[in-house]
There are 2 protein chains.
Amino acid sequence: MPYGFNGKWLRVNLSTGSLRIEEVPEELYREYLGGRGIAAYVLFKELKPGTDPLSPGNKLVFATSVITGTPVPGVNRIVVAAKSPLTGTYGESEAGGFFAPELKNSGFDVVIVEGASEKPVYLWIKDGRAELRDATRLWGLTTKETVEEIKKELGEPLARIGCIGPAGEKLVRFANIMFENRYAAGRGGLGAVMGSKNLKAIAVRATGKTVKFYDEKKLVEIVKWFNDNWKKQPGAVSRSEYGTAELITPFDKDGILPTLNFRGGSFKEAFKVSGEVLNKTILVSKSGCFACPIRCKRDVKTSEPYETDPSYGGPEYETIVSFGPLCGVSDLNVIAKANQICNAYGVDTISAGVAVAFAMELFDKGVLTPEDTGGLEVRFGDGNGALRLLEMIVKREGFGDVLAEGVRRAAEKIGRGAEKYAMHVKSREIPMHEPRGKVGVGLQYALSPIGADHMQAPHDATYERITQHLTALGLTRPVNRLMLDHEKVKAVYYGMLWWGLEDCMGVCKFVFTPHSAGVLTPNHMVEIVNAATGWGMSLWSLMKASERAFNLARAFNVREGFKREEDVLPPRFFEELESGSRKGQRIKKEEFDKAVKLFYEIAGWDEEGRPTPGKLYELGLDYVVAELYKG
Amino acid sequence: MPYGFNGKWLRVNLSTGSLRIEEVPEELYREYLGGRGIAAYVLFKELKPGTDPLSPGNKLVFATSVITGTPVPGVNRIVVAAKSPLTGTYGESEAGGFFAPELKNSGFDVVIVEGASEKPVYLWIKDGRAELRDATRLWGLTTKETVEEIKKELGEPLARIGCIGPAGEKLVRFANIMFENRYAAGRGGLGAVMGSKNLKAIAVRATGKTVKFYDEKKLVEIVKWFNDNWKKQPGAVSRSEYGTAELITPFDKDGILPTLNFRGGSFKEAFKVSGEVLNKTILVSKSGCFACPIRCKRDVKTSEPYETDPSYGGPEYETIVSFGPLCGVSDLNVIAKANQICNAYGVDTISAGVAVAFAMELFDKGVLTPEDTGGLEVRFGDGNGALRLLEMIVKREGFGDVLAEGVRRAAEKIGRGAEKYAMHVKSREIPMHEPRGKVGVGLQYALSPIGADHMQAPHDATYERITQHLTALGLTRPVNRLMLDHEKVKAVYYGMLWWGLEDCMGVCKFVFTPHSAGVLTPNHMVEIVNAATGWGMSLWSLMKASERAFNLARAFNVREGFKREEDVLPPRFFEELESGSRKGQRIKKEEFDKAVKLFYEIAGWDEEGRPTPGKLYELGLDYVVAELYKG
C-alpha cells in the first residue's frame, strides 16, 4: 500500500464520453511528485506538437501532489495545465482553496480531460466514481450561478467546484478557471481550453479519505509547530492583517508600483488603494485556504454604483494594481467591481487589467480613436470606462473582442505601432512587478516556461541578505536587486527550481521561506514529503525533480518551435522609468542578453535555449531526447 | 562566535621559517566546508600553473572540516592535498585515525605548508601555538621510530603525529604520509612533497577544545542512535568482523578480484588471503578511528621469516590484493610484511603492489630480464621476490629506483612496449577494483580529479536496487552494473558529488550509506552539518558545495594542461578478462568514449572537458573563470 498518493488517475474523453481509471506506478510519483511535474509529463508525452490549444487535441490536466491532503497549511493548491491558447507554450496555473484535497480524497490524484463534448457537460466525481452530466442549462451562467446550480442539482452542498464563466465559453484567450467562484487558476487561458471542450465545470466530493500518509504524527507535529510559530514571523502577520495588498504602500515608496501601463513606478494616489485603506473601507472579513490559519484572502463589500458580492472574494495585490495604478484608477470600489466582473465571467485579472491599460495608452498616444472602438474612448484614470471596456472584453463585444485575444494579438490586429505598448512576454501579459527595480524578476518573465509570470522565483529583495533559508537553497552571497550579474542569474535559476518545486507540490508560495511572509522552510518541505511518503527524499532530490519538470516544460516549448528570440522583455523595460523614486532606471539590453545566455549555460541548455541531451539524460528524460534530437 | 570552526589557519613557510596565523571569514567555510573544498580552493588560488610538485613552489594543505571534532563516528579524517608529484594533477589523500580532531581542537582548521626548509624540520602545534623544530636526527628513521622519537623529545606521549618515512625523503613518487604509523594518507605521493620540503613530520596536541558546535545535544543524539543501530546493519557488522578483507571471498567468486596485474578476475588461492583466514591466523586485535565503534582496522602479528609488528596495523583489502592476487601471492605473512614495509618506509601500498605486479608481468612477457635489474628476477607468485623488490623501491635501490617513479614513468624508461602493462590513469596506479565487472568504477577511474581512484563514487552494485538512500541522492532507477548507459553515467556523477562531499567533510565512506557497510544516511549528513554549524544547510546546498570542490579540482587540472585524451583507461580494460566467472568480459571502447562525453555534458563541461563559465559562475567560482578563460 503506497503512502502519499492514490495511484489512480481519471482520464475523461469528452469526444467519446469515456471515463477511464488508470493505475499509475509509484516510480512516476517519485520522479514527478505531482502538480507541474505530472502535468508537464502528461502534456509532453501525449500532446501532438502543433496542436491548436482550442481544438479537441489539447488536454487539460488537474494535478494534485504526494503531499496534497496532508493537514499542513499552504499545501492545498490544485495545478491545472494544458497547452495555453494565449501563449502557445506549456500552460499552467494554480489555485488555492479546497478543491485539491477534495479531489485527492475522492480517490484520484490526477484528472486528464481530452477531446471535446458536442454539448455542454460537467464532470461529477464522488468517492472514486465519476460521471459526465449535461450542462446545457448552465451554459452562459456566471461562476457563482454555476456553483450554486450544480450544488443544488446534485444535492451536494459540500461539493467543491471548478468552473468557467461566460468568458471561458466565449474562448477569451485569458479566460480562467474559478474554484468556488473565488480561487482562480487565473493565467494563460485555461478557462478557454475548458470552453473549447464544452466542459463547464468539475465538481468533486469526498466523504472520507483515500490516502494514507507514512508518518501522520510527524505531519501533526509540523502543523502544531506552524500554528505555534507563524505569529512570530512579522511578514506572515502582516500578510494576515492586510492580505497581499500590504505591498502597495511599500512598493509605491520604492518606486516599483506599475503605473500607467508600466510607464511609471509610482502612483500619486497609491495610498487610496492600499491594504491599509482597504481594511478600513470595504473589508468585510478575511478568508483563506484549506488548513491555513493565515487567511490572507479578503471578502469585500461595496455599494452602488459599484455594488459587489462578498462571496466573489476581494481584489488581491495583482488585481488592485492592474485595475488601479496601472490604469491610473484610485477608486477601490471600481477595482472591487472589476475583480468581481473578472471572477464572475471568469477571466484573469492581470491580463484583463493590462489589456485595459494597453487600450488606455493607445488612446493616449492617438493610436486608437473612438472610431476604432465603436465610440468608446477610455483614458487613464477613467474607472467607469475601464469597467465598460472590461465588460466588453469578457463578453467579446465590439472592441472588447479584439482585446479578448490578449495584448499581443490585439496589437497585431490594430497595427500602427501598437505592439510597442503591448506589455507581454510570449503573449502573456506582464504582472504587477516592475523589473526595472528588481531586475531578476525581468529574467523570470523572460525565462518562465509559461510566459511572463512573477511566481517563478522569489523576487530580488529576497537575495539581498543571506539567511538560513537561502543557505538551504545553496545561495551563499548577497546580491543587489538592481544587478543582473552572474550571482543574480544563479539566484534566479535556483529560485526557479525552488518555486518550481512548490508548483510540483501544489504549495502556496507565501507559506514557505524565503518568501517574506514565509513560515515553513525548505528543510520543512523535505520533512513534509518524507512524512507523507516515507521515501527518504532530500532537498537535492526534490530540486532535481523540479529541474526535471522545468526542463520538461521547456522542452515542450522547444518542440512547439519557441526559440531564443522569444526569451525577451517588452522594449519598455529597456527604457527609463518615468516616475517614482527609481525614475530613470532601466534594464541594460546588453546585460540582459548576456544574462539570458548565462542562464542557458547554467541550466544546461545550448545556445538556442534547448536542453542538452546531457541535462535531459541526467533528469531521466530519455523520451525527450528521443523526440527533440531525432533525425 | 562561530560554530563548527576555529576560523584560524596556520600558514608555515619553510623557506623563511615564518609561521603565520590567518583569520578566515565564515563565508569561506559556508562555500567550501572543509577538506577537499578548502584544499582545492587554496591550491587553485595560490599555486602557479606548471609548478614542479617537488619544488618549494608546491604547497601542502592539511584540512579539517566544519564537522571534524564532533563526536559522530566516522567523522575524523584528515584531508591532505598538494599538486601530486605522481600525476601532476590536483593531488589529495585522506587518512583516518585521530589526527584531524586533534588538529582542530588545537585551534587550527587548516595548516598550509609552503616553501622548503634547508635542513630537516618538523612542525609542532600545541593549543594554538606552533613552532618548527630540527629534525636532522630523525631523517632516515622509519615512521614508527619517528613517532616515538618525537613523542619522547617533546615529552608528549599523547601527541598525534603525521610523518614521512625514508621513502618520502627519497622522493619516491608514491610516498605517503603516515599518521601514528598506521593511518595512511596513501595516494598520489604527498609524502614526497613533504620530503621535498625537508618536512619530516607534523605533531599536534590539544589539551582542550577550541570549537563550539551549535547543537551539541543533537550531535549526542546522533551518536546514541548510531551506537544503538549500527549492529542492525549486516554490512557494518561484517565490516567490523572481517575488516575490509571481507571483500576478498565474494569478489573472487564474482570474478572481480584483480589478479596477475589485472589479467584475471579470480585467484585460485584467494581463500588463503581472505578475511576469514586472516581472522583465524594472523589477527591480534581490531582497531579503529576516533569515536567509531565499528573498528574495521586490524592489528596483525606474523613471525620469522616475515616477522611483523602489530603497531603498524594489518593489511587492508587494497593491500592484500595488490601484494596478493595481483602478484599471484597467496601467503598472508608475506602480505603482512609488505604492508609493514610500506607503512614503515612510507609508500602507498596500492601503487607499490601495482609496481611489483607490473615488473612481474614484464619478466613474464620477456620485456624485462635479470640484466635490467641487477640480477633480480621476480615472477608472479614469488612472495620473497616481491618483498625484495619492494625494499629496493622504498630505498630507491637498483631497479627499485625505476619503479619508485611509478609505473607510467618506469614504462617510459624501460621502453620496449612496457607501457602496455602499466596499469594507471594519469600516472596513478589502478586500485584493486576490476572495472570490467563494475563498469562505473572505470568511469570514476578516468574522471577522478586525482587519477585512478576507487573512492570517488559508490561502486556499481550500489545502484542495482533503489533504496531510501539512493532516493535522497536523486537516483530513481536501478542500473545494471555492467551497463554504461546514461543512467549509469548520471549515477556515477551524482555518486562523485556525494563521495566528494564526504571528502569535503573528512568523513569515512564506509560509515555513510549507500555504502554496503553504511549506517548513517545522506539526510543524517545534513543533520550533522546543521547541528555543528547552525547554518540550515540542505543536501542540495551540500551537494552544490561538493560540485564546487569537484570543479575546482578539475579546473586545476585543466590549467595544468590536462585534456580530454587523458580521461582514459589503460587498454587492458578494453580487452577480455582472462579468468574468473566473468572471463571474456570487456569494456567497449566506443561505449566508454560516449559515456565520458555524456559525463562532460552532465557535469557542465565543454567537449574538451573544461568546466563552462556557466557551471563555474553557478558555483561562485568567478576567479576560476577569470583564469581559465582569460585572453
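Residue numbers begin at 1 in each chain, while the letters A, B, ... track the order of the sequences.
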Exercise. For atom CD of B:Glu607, decide whether the heavy atoms of other residues, nucleotides or ligands shown that lie under 6.0 angstrom number more than 12.
Key: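 Result for CD/B:Glu607: open.
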
Quiz item: Given the options B:Ala603, B:Gly604, B:Pro613, which has more heavy-atom pairs under 4.5 Å with chain A than any of the others?
Solution: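 The option with the most such pairs is B:Pro613.
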
Quiz prompt | Taking every non-hydrogen atom, the tightest pair across B:Tyr494 and A:Glu618 | solution = OH-OE2, 2.5 Å

Quiz item: Can you list the steps and then say if A:Val526 with B:Leu539 is a side-chain contact (heavy atoms from CB on, under 4.5 Å)?
Solution: CA-CA 10 Å; A:Val526 179; B:Leu539 197 60; over 6 Å; no

Self-check item: Interface moiety of A:Asn530 toward chain B, non-hydrogen atoms closer than 4.5 Å
Solution: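 Only the side chain of A:Asn530 comes within 4.5 Å of chain B.
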
Quiz item: Where on A:Leu470 is there a heavy atom nearer than 4.5 Å to chain B: the side chain, the backbone, both, or neither?
Solution: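 Contact with chain B involves no heavy atom of A:Leu470 at all.
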
Quiz item: Looking at A:Ser538, A:Gly474, A:Ala545, which one has more heavy-atom pairs under 4.5 Å with chain B than the rest?
Solution: A:Ser538

Quiz item: chain B: which of A:Leu542, A:Leu598, A:Asn523 shares the most heavy-atom pairs with it under 4.5 Å?
Solution: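 Counting heavy-atom pairs under 4.5 Å, the top option is A:Asn523.
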
Quiz item: Rounded to the nearest 0.5 Å, how far does NZ of B:Lys544 lie from CH2 of A:Trp540?
Solution: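 Answer rounded to 0.5 Å: 5.0 Å.
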
Quiz item: Roughly how far, to the nearest 0.5 Å, is the CD atom of B:Glu601 from the CG atom of A:Leu616?
Solution: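 The CG atom of A:Leu616 sits 9.0 Å away from the CD atom of B:Glu601.
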
Exercise. Could you tell me whether the side chain of B:Thr471 and the main chain of A:Gly536 form a donor-acceptor pair under 3.5 Å?
Key: no

Self-check item: Heavy-atom donor-acceptor pair, A:Gln468 side chain to B:Gly534 backbone, under 3.5 Å
Solution: yes

Quiz item: Can A:Val489 and B:Tyr617 be said to form a side-chain contact (heavy atoms from CB on, under 4.5 Å), step by step?
Solution: CA-CA 9 Å; A:Val489 176; B:Tyr617 279 131; over 6 Å; no

Quiz prompt | Option from B:Glu31, B:Arg30, B:Glu27 for which side-chain hydrogen bond (donor to acceptor under 3.5 Å, both in side chains) with A:Thr476 holds | solution = B:Glu31

